[in-house]
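Some notes on the structure that comes next.
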Protein chains: 2
Amino acid sequence: MNVQEGKDKFIQAWGALGSNWGVSRTMAQIHALLLIAPHALSAEDIMEDLKISRGNANMNIRALMDWGLVYKELKTGERKEFFIAEKDMWDVVKKIIAQRKKKELEPMLKILEELSAVEGTGPDAENFVQVVRDIKLFSNKANATLDKLVQSDSNWFVKVFMNMI
Amino acid sequence: MNVQEGKDKFIQAWGALGSNWGVSRTMAQIHALLLIAPHALSAEDIMEDLKISRGNANMNIRALMDWGLVYKELKTGERKEFFIAEKDMWDVVKKIIAQRKKKELEPMLKILEELSAVEGTGPDAENFVQVVRDIKLFSNKANATLDKLVQSDSNWFVKVFMNMI
DNA sequence: CAAAAGTTTCAGAAGTGATTGAAAATATTG
DNA sequence: CAATATTTTCAATCACTTCTGAAACTTTTG
């Protein structure tokens, strides 16, 4: 396999993976392209390489920057903006976890809190209250664990990994 | 809030959460409904409660059983099949992780392996090979860690949680 | 074994989210 | 400030996934 074939395959695979992770296909492909680019790319470069529209490129680059997965790089003497990807995988995973925690776990915790206000009697009500209590307990633990994880440095993962084996 | 309102809200929220987790909206709603039901429900019950079609109910119940999130319960003297949900949250999360690992991480590892066969010279090729190597290393660690996690019992999570705080 | 009860399948409909492309806005240059 | 380069926005379109509902199939019962 030559380099170009390899790159294409990687971009394709990273895009597919991303779409299961709350990162849209194109968003993940742009990230993949920047990961394997030996230098910063412009929006134009990205559009051409991935054969996507200007609007699509712009939207997804911005989303990637919001997530902290891509950074802007301004070259002196150049009017265009260039972009580079975060390449530390642990950092990438942490940033994705942070986003999903905010978008998914936190709203769920809020709802569970509200559901604690449910009143009623009988087996239905008792069972419901118990299930909600269990899930809330679990979710709070998960939330605290993920907080630690997101704050941790890259070595943390290595340490946990070592401890587990 | 009364019990019925609470249940509806919970089913709604669980469905929304699920759709970010590779569990389709309906699949998650059925799981939610079974979680808070004080006894096993039939396909018919589920269709009525969630106002979904027979086909939809059937497909998603089957998927939930495939994932190990729902079990069949046969009542003596009853012709219908009844269903109950796995209620241990740690078990639920483990089962979802196991599915996603199989569906996402493992194919990616396979592709990274293939990409190691890329040949070429120059900064492009060198950078590519390096990026692939880094990701492969990270993914293998993640894979091993998730294996342990999936095999671990419910107390493991509590222990890790305690260690982290 | 025929009727009844229950389950599964699947082609088309509906719904959802992503993408395009052209126009508007913004920034830079001489 | 006008001309030019670049980025952003957004309504319409497209692609993809999920859902419906009727028909086919399977199982159970008398």
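Here is the naming used below: chain letters follow the sequence lines, and residue numbers restart at 1 for every chain. Excluded from the calculations below are hydrogen atoms, water molecules and symmetry mates; all remaining heavy atoms, backbone and side chain alike, are included.
Spacing between atom CD of Glu78(A) and atom P of dT4(D) amounts to 20 Å, rounded to whole angstrom units. As rounded to whole Å, 17 Å separates atom C1' of dT20(D) from atom CZ of Arg25(B). Atom CD1 of Ile52(B) and atom C1' of dA14(C) are 16 Å apart (whole Å). For the pair Asp45(A) CG and dT6(D) P, the interatomic distance rounds to 11 Å; values are reported in whole Å. Rounded to whole Å, atom P of dA18(C) lies 17 Å from atom CG of Leu50(A). In this structure, Leu74(A) places its CG atom 13 Å from P of dT6(D), rounding to the nearest Å. Atoms CZ (Arg54(A)) and C1' (dA5(D)) sit 10 Å apart, rounded to a whole Å. Atom-to-atom, NZ of Lys103(B) to P of dT17(D) comes out at 11 Å; the value is rounded to the nearest Å.
Between Asn56(B) and Phe82(B), the residue anchored nearer the 5' end of DNA chain C, judged by the nucleotide with its closest heavy atom, is Phe82(B). Where Phe83(B) and Met59(B) meet DNA chain C, the nucleotide closest to each residue was compared, and Phe83(B) sits on the side nearer the 5' end. Judged by closest nucleotide on DNA chain D, Arg79(A) is the one of Gly55(A) and Arg79(A) placed further toward the 5' end.
Dashed line: the shortest gap from a side-chain N or O of Arg62(B) to OP1 or OP2 of dT9(C) is under 4.0 Å. When the side-chain nitrogen and oxygen atoms of Asn58(A) are compared with OP1 and OP2 of dT6(D), none of them lie within a distance under 4.0 Å. Taking only side-chain nitrogens and oxygens, Thr26(A) comes nearer than 4.0 Å to OP1 or OP2 of dT19(C).
Cation-pi geometry between Arg100(B) and Trp21(A) is satisfied (NZ or CZ under 6.0 Å from the ring centre, within 45° of the ring normal).
When heavy atoms are screened at a 4.0 angstrom cut-off, Glu44(B) is found touching no nucleic acid atom at all.
Residues Ile11(B) and Ile36(B) have side chains in contact (heavy-atom distance under 4.5 Å, counting atoms from C-beta outward). Residues Met1(B) and Glu119(A) form no side-chain contact, since every pair of their non-hydrogen atoms from C-beta on lies 4.5 Å or further apart. Side-chain contact between Asn2(A) and Val118(B): absent, with no pair of heavy atoms (C-beta onward) separated by less than 4.5 Å. Taking the side chain as every heavy atom from C-beta outward, Ile46(A) and Leu34(A) approach each other to under 4.5 Å.
Closest to the Ser24(B) side chain, of the nucleotides dT7(C), dT18(D), dT19(C), is dT18(D). Here the side chain of Asn60(A) is nearest to one of dT20(C), dT20(D), dT19(C), namely dT19(C).
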